[in-house]
Amino acid sequence: MSETQTLPITVTVNGSKVQRFVEPRTLLVHFLREDLGLTGTHIGCDTSHCGACTVEIDGESIKSCTTFAVQANGSSITTVEGLANADGTLHALQEGFRQMHGLQCGFCTPGMLMRAKVLLTENPDPSEEEIRFGIAGNLCRCTGYQNIVKAIQFAAARLNGRTFQEAAE
Amino acid sequence: MIPGPFTYHRPASIEEAVGLLVSLGEESRPLAGGQSLIPMMKLRMATPEHLVDLGGVAGLKGIDVEPGGIRIGAAVTQAQVIGSALIADRLPILRDAALQIADPQVRTRGTIGGNVANGDPGNDMPAVMQCLGASYVLAGPSGERSVAARDFYLGPYFTLLEPGELLVAVRIPLPSAGHGQAYEKLKRKIGDYATAAAAVILSATAGRIATASIALTNVAPTPLLAEEAARLVVGTSLDAATLKAASAAAKAIADPAADGRGTAEYRREMAGVMVARALVKAFGRVKGA
Ligand SMILES: Cc1cc2nc3c(=O)[nH]c(=O)nc-3n(C[C@H](O)[C@H](O)[C@H](O)COP(=O)(O)OP(=O)(O)OC[C@H]3O[C@@H](n4cnc5c(N)ncnc54)[C@H](O)[C@@H]3O)c2cc1C
Ligand code: FES
Ligand code: FES
């Protein structure tokens, strides 16, 4: 190979347009974390299994460790940094994770939140089973998932104008 | 893990993509969803010098009805297959199989074309395509040709796809209404490739199987069409002895490797179990028999 190629890309990240030059082999997760300083998106497995690196791109959830930044050219990306409401209050999902104890170490949380956000647009009122299937690409080593499921149910209820009632154990 | 360096190309048409693959030669590769290729590149098990991104290529998208069948563009994602009402209605086996591939994020990007062109025996779609009698439309420098899915696979990552060729679509003859279809996959966890899996499509009249097609995933270096097993069930009402014989016939052609999913013996046994389960499920789904 001769000279290293660099390419201009323009993406909208959390509502702001950014332009950068990237090497084609730059993975989206490295672009977000290192070029843009958005370290909320985590690298867990780095082998496309754990979902810690999940971000939203044009309304879909993807693993940013398994996408090249050049492939995102022209798209609109939301990371966990862009999740809270414009007035600074927490998104219903963040509130759910807080109130339902949907995290322990917090490492998987940004990916869980971003996956859950898209899940609730695909299926605004999912059953427990649908939630579990919908977050199957996100691994958590701490919680045992129970409280993550509750957190998402909490958010779904709030976004549907209901109050979340925990099922009796 | 960071992939090796490569030069990125983003053609807008099939002709342009084929032209690039031809002129760049053997060190170039198409990039579809990247869900098999990028992990391989991160491990440096693949080090292409050029990637030809299919993301901007017109003419690779869409699920269309054509005379006698359905045409699925190579760039149609697994998530789009799951979301298609046409496929849910006429080819539910494709939806069943797609739902058992990886996880939502991977299915959002992973494409049908990439899944069938990849040549990894662990991929689920190739056996489904063999079961359905599908063919692949390949575009090359001298035009298009069509290759049957049943002939396409030669060995792991070794297919009839020539350098410079692009898989542009999969054509699937539509089974007539009333066929029963099923894909049964044994895996250790979500995101795992099959320990063994079986695809079955059959039709029946008056409670007896009239036609049957069976194919196996990940129990040999390539997907396998289980012709003898299919022949054995035709004319029967799938009694216990027939199920046992069909399973045995499938096991006889399976040639799995021992891996983290189990010993070769176990995986061969599971191929038989998956065939039996898929047969029962497909038979139960036959309508109007
Ligand atoms: C965690 C995880 C779990 C997975 N589990 C499964 C599973 O259980 N079952 C399963 O089937 N798959 C599984 N996959 C793989 C996934 O389905 C891939 O999406 C698929 O194998 C390849 O499709 P792609 O579009 O991502 O192709 P890419 O990764 O872009 O390409 C794969 C290969 O095909 C070639 N190629 C792609 N498109 C074309 C084309 N149109 N013409 C010619 N060559 C082409 C590429 O050059 C490359 O060599 C998994 C992936 C991950 C990350
Ligand atoms: S870091 Fe991307 S899936 Fe684990
Ligand atoms: S909270 Fe620790 S990994 Fe999920």
Side-chain angles (χ1 to χ4, degrees), chain A residues 1-9 22-30 34 43 45-75 111-112 114-116 118-119 122-123 130-139, chain B residues 1-10 24 27-57 75 77-80 82-83 99-111 114 187-193:
Chain A
M1 256 194 78
S2 51
E3 245 175 88
T4 309
Q5 185 189 27
T6 56
L7 296 166
I9 63 167
V22 293
E23 246 193 276
R25 63 168 163 169
T26 305
L27 295 163
L28 182 60
V29 70
H30 292 135
E34 286 153 32
I43 302 176
C45 64
D46 208 5
T47 60
S48 320
H49 286 93
C50 74
C53 64
T54 301
V55 299
E56 180 181 349
I57 178 163
D58 294 335
E60 297 182 318
S61 37
I62 62 149
K63 293 177 176 176
S64 61
C65 77
T66 317
T67 307
F68 292 117
V70 283
Q71 292 177 283
N73 189 20
S75 62
M112 285 288 179
M114 297 318 294
R115 173 59 202 136
V118 174
L119 172 63
E122 294 164 351
N123 183 354
E130 287 165 344
I131 291 174
R132 289 183 184 274
F133 193 66
I135 60 167
N138 294 72
L139 301 181
Chain B
M1 290 183 296
I2 298 177
F6 61 88
T7 305
Y8 178 79
H9 306 266
R10 197 173 166 90
L24 297 168
E27 289 308 316
S28 68
R29 284 239 213 152
L31 170 67
Q35 302 302 292
S36 287
L37 186 52
I38 296 175
M40 294 279 277
M41 288 176 66
K42 289 170 74 175
L43 295 166
R44 306 280 174 126
M45 283 159 70
T47 50
E49 287 176 13
H50 298 272
L51 285 189
V52 177
D53 187 355
L54 305 180
V57 175
T77 63
Q78 293 150 14
Q80 287 165 343
I82 293 167
L99 280 167
Q100 298 185 61
I101 293 176
D103 57 54
Q105 290 94 314
V106 172
R107 294 193 293 263
T108 292
R109 290 196 77 80
T111 66
K187 55 182 174 176
R188 296 168 301 179
K189 57 181 256 305
I190 292 260
D192 194 16
Y193 290 90

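Throughout, a chain's letter reflects where its sequence line sits, starting with A, and its residues are numbered from 1.
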Leu31(B) versus chain A, the contacting section by heavy-atom distance below 4.5 Å: side chain
One should read off an interatomic distance between Leu51(B) CG and Phe68(A) CZ, to the nearest 0.5 angstrom, of 6.0 Å
Report the option among His50(B), Lys189(B), Arg107(B), Gln35(B) that has the most heavy-atom pairs separated by less than 4.5 Å from atoms of chain A. Gln35(B)
Evaluate the side-chain proximity of Pro39(B) to Thr66(A): yes if any heavy-atom separation is below 4.5 Å, no if none is. yes
Out of curiosity, Met1(B) CE to Cys45(A) SG, how far, rounded to the nearest 0.5 Å? 7.5 Å
Do you know which of Ile135(A), Val70(A), Ile57(A) has the most heavy-atom pairs under 4.5 Å to chain B? Val70(A)
Side chain from CB out, backbone as N, CA, C, O: work out which of these in Thr67(A) comes under 4.5 Å of a heavy atom of chain B, or both, or neither. both
Can you measure from OG1 (Thr108(B)) to CZ (Arg115(A)) and round to the nearest 0.5 angstrom? 6.5 Å
The interface call for Leu43(B) against chain A, heavy-atom contacts under 4.5 Å, is neither
Using every non-hydrogen atom in the two residues, find where Ile190(B) and Phe133(A) come nearest and quote the distance to one decimal. CD1-CE1, 4.0 Å
For Asp103(B) and Lys63(A), which heavy atoms make the closest approach, and how far apart are they? OD2-NZ, 2.6 Å
Does the pair Ile2(B) and His30(A) meet the rule for a side chain to side chain contact (heavy atoms under 4.5 Å, CB included), with working shown? CA-CA 9 Å; Ile2(B) 298 177; His30(A) 292 135; 4.0 Å; yes
Under a 4.5 Å cutoff for heavy-atom pairs, which residue among Ile62(A), Val118(A), Leu7(A), Thr47(A) has the most contacts with chain B? Ile62(A)
For Cys65(A), does its backbone N or O pair with a side-chain atom of Lys42(B) as donor and acceptor, under 3.5 Å? yes
For the backbone of Pro5(B) and the side chain of Glu23(A), can you confirm whether one donor and one acceptor N or O come within less than 3.5 Å of each other? no
Using heavy-atom distances under 4.5 Å, tell me whether Leu27(A) contacts chain B through its side chain, its backbone, both, or neither. side chain
In sequence, state the C-alpha distance, the side-chain angles, and the governing distance for Arg10(B) and Asn73(A), and then conclude on side chain to side chain contact (heavy atoms under 4.5 Å, CB included). CA-CA 11 Å; Arg10(B) 197 173 166 90; Asn73(A) 189 20; over 6 Å; no
Using the side chain to side chain contact (heavy atoms under 4.5 Å, CB included) rule, take Ile38(B) and Gln71(A) through it: C-alpha gap first, then chi angles, then the decisive distance, then the call. CA-CA 12 Å; Ile38(B) 296 175; Gln71(A) 292 177 283; 3.7 Å; yes
Proximal component of Thr54(A), with respect to chain B [non-hydrogen, under 4.5 Å]: side chain
